[in-house]
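Excluded from the calculations below are hydrogen atoms, water molecules and symmetry mates; all remaining heavy atoms, backbone and side chain alike, are included.
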Amino acid sequence: MNPFSSETRLRDMIRAIRACKTAAEERAVVRKECATIRASVSDNDNDYKHRNLAKLMFIHMLGYPTHFGQMECLKLIAAPGFPDKRIGYLGLMLLLDERQEVLMLVTNSLKQDLNHSNQYIVGLALCALGNISSAEMARDLAPEVERLLLFRDPNIRKKAALCSIRIIKKVPDLAENFVNSAAALLKEKHHGVLLTGVQLCTDLCKVSTEALEYIRKRCTEGLVKVLKDVVNSPYVPEYDVSGIADPFLHIRLLRLLRVLGHGDADASDCMNDILAQVASKTESNKNAGNAILYECVETIMSIEDNSGLRVLAINILGRFLSNRDNNIRYVALNMLMRAITVDSQAVQRHRATILECVKDSDASIRKRALELVYLLVNENNVKILTKDLIDYLEISDQEFKEDLTAKICSIVEKFSPEKIWYIDQMLQVLSEAGNYVKDEVWHALIVVISNASNFHGYTVRLLYRAVQKSVDQEVLVRVAVWCIGEYGDMLVNSVGMLDIEEPITVTESDTVDVIETAIKHHTSDLTTRAMCLIALLKLSCRFPSCSERIQDIIVQNKGSLVLELQQRSIEFNSIIQKHQNIRSALCERMPVLDESAYSVRRAGSLPAAALSSQDSAVALPNGVAKPSATPLVDLLDLSSDDAPVPAPSQGNDFLHDLLGVDLSSGPSQAGTNQTQKSGTDALLDLLSIGTTPAPSSFPALEGLSLGQGTDTSVSALAGLASTSTTMHATQPSPSVGISPMVDLLNGFGPPEQIWEVNDAAYPSIVAFESNNLKMTCNFSKQPGNLQSTLLEANFINKSSDVYTDFIFQAAVPKFLQLHLDPASSNTLPASGDGSITQKLRVTNSQHGKKSLVMRIRIAYKLNNKDVLEQGQISNFPHECGPESTTFFNGDAVFAQMEEKQT
C-alpha cells in the first residue's frame, strides 16, 4: 500500500513519522502527507474526509501549518452523522480559535446541533462552544445554552454549565440571564453537575454584583448544608480520593463560600461552624487533605473577622511548615506572609519553625522564609531574631549570603534599640559577610559611629580586633581604616573603656601596621587604598613618632599607575614635608554628621543638596560637609559618586574640597553663637595665620578675579592663597603668597592668573547713558594675554523709582567670545543710592586687527511694567584694540536668545 495515499490509516502515518531519524526526514514525510491530503480535498473525496482530518490534527500537534484543512472541519460539522460531526468538532477546537474569521460560518451549525434531538450531538456542540466561543457567538447562542441548563440528562447540564462560564466571561452583560438557572444547579445531587454549578456561581459572583447579592441571600445556607453533607458523607468509591470524599467538590465549595463571606458579616457567621469542622476533621497526611486544608485556611482569612478561626488556620499553616513536602511548606510560607497583616501575634508563635525554614536546603523556601522573618521582626524580638540570623550567616551558602546580609542590615537599622547594639551587630555582619554589604549600609554605619561620641574608643578597638581576623572583608577594612584614622589616638591610649571590654594594648606602630597591611593587601580596591592614605595622613599628625614611617608608606604610592592614588600620595607627602603649619588643621577629626538628614536622604525624600545643616552643603556618609557644587573631584572625600554633579563655582570651593571646610560661613563646632565670616576669614582661621585686618588695607584684593566656569580651580586656589598671605604679610608680595599653596601640588598647578588692576592705561568709560540709566565700564587685562579683556560694568539708576527684575544682556560678533558672570543683584536702588555690578570677559581672536564692539540690552521693571533699553558700545579704549568702527546686527542674536529661552 502506498504510505502517502488517502487510504493510509492514521497509525501508519504516525509510524512513518516516528521512524524518521532526522528532522529533515520528518519534514519530508509531513510535506508528502500534506500534499496527499490537499489532493484528496481537491478531489472532494468524501470516503476519507474524517481520516484526512485526523491526520491533519496530528500534523498540527507536531507544529506544522494545517490551515488548508479548516474548511474541511466545517464540512464535517455540517454532515448529518455523529462520527463525522465528532471528528469535525474535534478539528474545529484544535485547528481554529476564536480569532479566526472563518469561525463565523459555524454559528448556524452550532445552533442547529444545540437543538438536535440526539443528546450526544448536543454534547459535541456544547464542548465546541465552551472551548472556542467568541463574544459574537456567545450573544447568538446564549438562549440555547441557558435552556440546556435545565436539560433532563445530567451530562448535558454539566456541559451547559461549563459553556455558560465561557459565555459570561466573554460577555459579562449576559450574567443576569444565568443567575436563576445557576442557583438551581446548587441543589443537584449529581456531583458532576453540582461541581460545575458551584463554579458557574463563583464566576457569576465575580462578574456581577447583583448576582453576588442574589446568591449570597438565597444560597449561602444551602451551600453550607451541601458542604456539611460532603464532609460527613460515607465512603463512596465513585468519588473517593485517598480516603476523602470528592476533594474537588470540597475545594470548589470552599472557594464559593470565600467569595460570599468576603465583606459580609452575616454570611461569615453562617459558615463559621462548617469551616471549623473542615479544618479539624480533614486529615493532613495525604495530599488531597492538604489541598482542602489550604483552601479552608484561604477562606478563613478572607471572610469577616473571627479570631478563633484565624488562630486555628494559622496553626494549620504551622503544621504545614513541618511537612517534608517542599511545595506544602512553600505555600504555607506564602499564606503566612498574608496572614501576618491580619494576626501577627498568632504567626509569632511559629517563629522557631519559620527560622528553621531559613536554613532549608531549598533556595526558594529559604528566600520566602527570610522575607517572612523580616516581617515578623518588631521591637520586642529584634535581638533574638537578629542573633539567630547572624549565627546562620556564618554557615549559609555563598549565593544566599547577599539576601541574608541585606535583610539583617535592614532589620538592625530599622529596629535598633540603642547605638552600641547597632554597632555590635553591624560589625558582626561586616566580619562575616562584609563583601556583600552595599555602600549605603556602611556609609550609614559611619554616620552612626560619628554621632556616638561615647563609643568612639569602644568602636575603634572592636574594629581593630575584627580587621586582624577578617582582612579579606573589604567593607570591614574600609570602616576600620576610617575609624582608626579618626580615632587612632583613642585606640592607643585606651580612651573610653567600657566594662564589657577586655583590656587591650595597642602601640602607635601596631596601628600603622593595620593600615599598611590594608593598603598592600591584594584584595584592596581603589576606594580602600585611598581611604588608607587619608588615614595615614591623619595618623602622621596624631603619632609624630611614626611620621617618617608613614611618609615612607605614602611615598610608595607616588609611582602608582592609578592616577587617584598617585595624586593623593604626592599631595599628602608634600603636606607632611613642607606644610607643618596647616597639617594639624587638615587632620582634625571630621565634624559630626546630621544623622537624621542622612536618613532622609537615603529614603529619597529630599534632594541631596538640601540635607546639610548649612544651606549650601551636602551631608555625605563619611562625614564631610560638602558644597552642592564642586569644581574638581574632592581630594579627601571617597564618596564622590554620591555627590551632586559638579557645576561651575567660585575658587574657594576648591579649598572647601581640599581642606574639608565650608568657606561660605564660619565654623559651627565651638558651641557658641558666632557671626558668619567670609570664606577668606574661615581660611585664615583654619590655617591659623592670624586675624583679618580691614579690607581697605589691601588694595591687591581689588584686582583679584575668581571667574565662574572658565578659570581653573587650581588658579583660584593660587589666587586665594595669594590673598590670604597678602593679608598676613607686612610687605605684600604675590610670589611669596602664591608659592606655599601652589607648592602643595609640587608644581602641578598651572601658572597663576592675576588680573591687572584698572589704572590710567585703561580709563573708565561711560558705555551707555539714557534719561533713567547710566552704565560705566572699568577694564583690566591679564599679563601676557592681550586677547582677553575683563570688563566690570556698573549700573546706576538716575530716576527716583526702584528698578526690579534687572537683566543685562550682551551680544558680540563671531570673532569675539563673551562670558558673563552673574550680576551682584537684580534690584537697582533709586537716585543713585546704590549700583549693580556685573563682570564680563571678552576674548578677541583677531586682536590687533579688529576692535571690540558690543551690542547691549537692559531689561527691568518700573512699577510692575516692563522696560527695555538697548544700544551699542563702540568707544572701547585704544589699548583694547585698534581704532575702527564696527557695526553688527545684535538684534538677531537677542532674538535667538529669546527663542531658546522660550
Side-chain angles (χ1 to χ4, degrees), residues 382-383 386-387 390-391 394 408-409 412-413 415-432 434 437 441-471 473 475-518 531-532 534-547 549-550 584 587-593 595 621-623 669-671:
V382 60
K383 292 187 176 182
T386 304
K387 182 181 182 302
I390 292 178
D391 291 343
E394 301 178 12
I408 294 174
C409 293
V412 172
E413 289 180 10
F415 298 101
S416 173
E418 51 191 358
K419 287 188 176 180
I420 188 171
W421 183 84
Y422 171 87
I423 293 171
D424 287 340
Q425 305 310 309
M426 292 301 297
L427 294 189
Q428 286 189 54
V429 173
L430 295 184
S431 300
E432 298 297 336
V437 174
V441 174
W442 67 270
H443 291 173
L445 174 59
I446 287 179
V447 173
V448 173
I449 292 173
S450 70
N451 280 271
S453 56
N454 296 334
F455 305 115
H456 285 169
Y458 169 76
T459 303
V460 73
R461 285 187 289 274
L462 200 62
L463 282 165
Y464 176 79
R465 293 188 182 97
V467 78
Q468 289 182 320
K469 300 177 182 177
S470 307
V471 72
Q473 301 296 339
V475 172
L476 175 67
V477 173
R478 291 178 188 174
V479 177
V481 165
W482 186 89
C483 288
I484 290 173
E486 295 295 317
Y487 317 117
D489 51 339
M490 292 185 173
L491 174 63
V492 173
N493 299 325
S494 299
V495 177
M497 287 287 293
L498 302 181
D499 296 337
I500 59 176
E501 289 187 78
E502 295 181 3
I504 182 173
T505 302
V506 182
T507 63
E508 295 179 354
S509 179
D510 294 337
T511 306
V512 177
D513 286 342
V514 172
I515 307 297
E516 184 179 11
T517 302
M531 292 181 73
C532 290
I534 296 174
L536 288 171
L537 176 64
K538 294 195 172 188
L539 292 180
S540 69
C541 187
R542 291 163 173 67
F543 304 152
S545 60
C546 298
S547 183
R549 180 187 171 193
I550 290 173
S584 59
C587 298
E588 287 182 356
R589 286 179 186 159
M590 286 189 174
V592 176
L593 288 168
E595 190 172 358
N622 61 356
Q669 293 184 1

Looking at every heavy atom in both [X] and [Y], which two are closest together, and how far apart are they?
X: Val475; Y: Gly434; value: CG2-O, 3.1 Å
X: Ala518; Y: Val481; value: CB-CG2, 4.2 Å
X: Leu539; Y: Ile550; value: C-CD1, 3.7 Å
X: Lys538; Y: Gly485; value: CB-O, 3.5 Å
X: Glu501; Y: Arg461; value: OE1-NE, 2.7 Å
X: Arg542; Y: Pro544; value: O-CD, 3.3 Å

Would you compute the distance between atom [atom1] of [X] and atom [atom2] of [Y] and round it to the nearest 0.5 angstrom?
X: Leu537; Y: Ile515; atom1: CG; atom2: CD1; value: 12.0 Å
X: Leu463; Y: Leu445; atom1: CG; atom2: CG; value: 7.5 Å
X: Leu491; Y: Thr459; atom1: CG; atom2: OG1; value: 11.5 Å
X: Met426; Y: Thr386; atom1: CE; atom2: OG1; value: 11.0 Å
X: Glu432; Y: Ile390; atom1: CD; atom2: CD1; value: 8.5 Å
X: Cys483; Y: Arg478; atom1: SG; atom2: CZ; value: 14.0 Å

Side chain to side chain contact (heavy atoms under 4.5 Å, CB included) assessment of Asn454 paired with Lys419: CA-CA 10 Å; Asn454 296 334; Lys419 287 188 176 180; over 6 Å; no
For Asp489, salt bridge (Lys or Arg N to Asp or Glu O under 4.0 Å) partners two or more places apart: Arg589
Residues Leu430, Gln473; criterion side chain to side chain contact (heavy atoms under 4.5 Å, CB included); working and verdict: CA-CA 7 Å; Leu430 295 184; Gln473 301 296 339; over 6 Å; no
Side-chain donor or acceptor of [X] paired with backbone N/O of [Y] under 3.5 Å:
X: Asn451; Y: Leu593; value: yes
X: Ser547; Y: Phe543; value: no
X: Asp424; Y: Trp421; value: no
X: Glu486; Y: Met590; value: yes
X: Ser450; Y: Val447; value: yes

Test log, rule side chain to side chain contact (heavy atoms under 4.5 Å, CB included), inputs Glu413 and Tyr422: CA-CA 7 Å; Glu413 289 180 10; Tyr422 171 87; 3.7 Å; yes
Parallel, tilted or perpendicular: rings of Tyr487 and Trp482 (30°, 60°): perpendicular
Side-chain heavy-atom pair Cys409, Val429 within 4.5 angstrom cut-off: yes
Evaluation steps, side chain to side chain contact (heavy atoms under 4.5 Å, CB included), between Ile420 and Ile500: CA-CA 11 Å; Ile420 188 171; Ile500 59 176; 4.1 Å; yes
Exceeds 12 heavy-atom contacts within 6.0 angstrom, atom CD of Glu418: yes
